[in-house]
Amino acid sequence: MNESASGGLTGWTPGLFDDPTGSRKGARIELAPDAYLLPGLASAEAAELFEAIGVVAAQSDFRHLVTPGGHRMSVAMTNCGSVGWTTNERGYVYSPNDPATGRPWPSIPPAFEALGRRATDLAGFAPLSANACVVNRYEPGSRLTLHQDKDEQDLTQPIVSVSLGLPAVFLLGGFERSAPTVRRKLEHGDVVVWGGASRLRFHGVLPIESGSHPLCGPYRYNLTFRAAR
Ligand code: MD3
Ligand code: FE
């Protein structure tokens, strides 16, 4: 791969970190400058996180947003925090209220806060002061096309992503949509932290394959902790 075109993506070493016996756990894998995969970091607390997702969804249920272009997103989402990511007539916005309920979004569960701090610490970033958490729910076939996360006010702070349930293949790109991408498998309990030089990289998720996960059933969940406001 051409380094300048890819913006410094670190290639995948097949087989080295994907040992099902658990040798991936505890590693810190640099995906690109300032972008780290922490395999299995959340696996021990996955049941607690999954339960907390249920508490959030009981107050603000999952919904399929319609993009400003008029497309129904295949990923269902909800939020917790002092603001949540949603759409309105102006486009994508962080809003203090859930438009579906008219009420504030549920608060960020303590288990999310603690994991966000631990992840930024292990990845070598200053502790994240997240005030928004986007919760994505993928069913088989759901995907996320290449995009940048750039609606947050403080782009100096990283984003922490936590994967639960069915596995996914995510795409990590460069700084233009047309730049080359690398594929990477994300499994239950995996955490990714990206900031600094990689904060505005394009990224996406390939369509999820159907399956059944012992904790999460037919779904993949992804939490992203953000400094949005
Ligand atoms: C970017 N969600 O909600 S971030 C989103 O799996 C979103 O649902 C993804 O993108 C999901 O906006 C999780 C995946 C990711 C991983 C590594 C990155 C994005 C990255 C490294 C650099 C830049
Ligand atoms: Fe994103």
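Count residues from 1 along the sequence. First listed ligand is number 1; within each ligand, the first listed atom is number 1.
- Close approach of ligand 1 to V205 (heavy-atom distance below 4.0 Å) involves ligand atoms 6 (O), 11 (C).
- Under the 4.5 Å side-chain heavy-atom criterion for ILVMFWY residues, a single connected hydrophobic cluster contains both I108 and V135.
- A single hydrophobic cluster is not seen to contain both V192 and Y221; linkage of ILVMFWY side chains at heavy-atom distances under 4.5 Å, directly or through other members, places them apart.
- R103 CZ: 12 or fewer foreign heavy atoms inside a 6.0 Å radius.
- For R184, the closest heavy-atom approach to ligand 1 does not fall below 4.0 Å.
- Contacts with ligand 1 closer than 4.0 Å are made by no heavy atom of R199, backbone or side chain.
- V162 and W85 fall into different hydrophobic clusters, where Ile, Leu, Val, Met, Phe, Trp and Tyr residues are linked whenever their side-chain heavy atoms come under 4.5 Å apart, directly or through other members.
- Residue contacts with ligand 1: H147 is placed with a nitrogen or oxygen under 3.5 Å of a nitrogen or oxygen of the ligand (distance criterion only).
- For atom 13 (C) of ligand 1, the closest non-hydrogen atom on the protein side is N222 OD1, 3.3 Å.
- The nearest protein atom to atom 4 (S) of ligand 1, hydrogens excluded, is given as W194 CH2, 3.3 Å; this is a heavy-atom distance.
- What you find for L128 and P158 is that their closest heavy atoms are CD1-O, 3.3 Å.
- We find that R199 and E152 are joined by a salt bridge, their nearest charged nitrogen and carboxylate oxygen being less than 4.0 Å apart.
- Stacking of R137 on the aromatic ring of Y219 is recorded, both the 6.0 Å distance cut-off and the 45° axial limit being met.
- The ligand atoms of ligand 1 that sit less than 4.0 angstrom from a heavy atom of V192 are 16 (C), 17 (C).
- Within a 6.0 Å radius of NE2 in H71, other residues, nucleotides and ligands contribute 12 heavy atoms or fewer.
- Centred on the Fe ion (ligand 2), the NE2 atom of H203 and the OD1 atom of D149 lie at an angle of 100°, reported to 10°.
- Under a 4.0 angstrom heavy-atom cut-off, R220 registers as being in contact with ligand 1.
- Contact atoms of ligand 1 toward R201: 23 (C) (distance under 4.0 Å to a heavy atom of the residue).
- Remark: the R220 side chain and the S163 side chain contain an N/O donor-acceptor pair separated by less than 3.5 Å.
- Among protein heavy atoms, atom 5 (C) of ligand 1 sits closest to R226 NH2, 3.3 Å.
- In terms of protein heavy-atom proximity, atom 21 (C) of ligand 1 is nearest to L172 CD1, 3.3 Å.
- Which parts of ligand 1 touch D149 is read off a 4.0 Å heavy-atom cut-off, strictly below it: atoms 12 (O).
- Using a 4.0 Å cutoff on heavy atoms, Y138 counts as a contact of ligand 1.
- Proximity to F170 (heavy-atom distance under 4.0 Å) selects the following atoms of ligand 1: 16 (C), 17 (C).
- Among pairs with a residue in residues 120-168, those fulfilling ring pair (Phe, Tyr, Trp, His ring centres under 6.0 Å) read H147-H203, at least two apart in sequence or across chains.
- For the residues L31, N136, V169, the heavy atom positioned nearest atom 2 (N) of ligand 1 is part of N136.
- Ligand 1 lies less than 4.0 angstrom from a heavy atom belonging to S198.
- Looking from atom 7 (C) of ligand 1 to the surrounding protein, the closest heavy atom is L144 CD2, 3.5 Å.
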**Request:** Output, in order, the C-alpha distance, side-chain angles, deciding distance and verdict of ring-ring contact (aromatic ring centres under 6.0 Å, His included) for F225 and F112.
**Result:** CA-CA 8 Å; F225 309 143; F112 290 13; 5.7 Å; yes
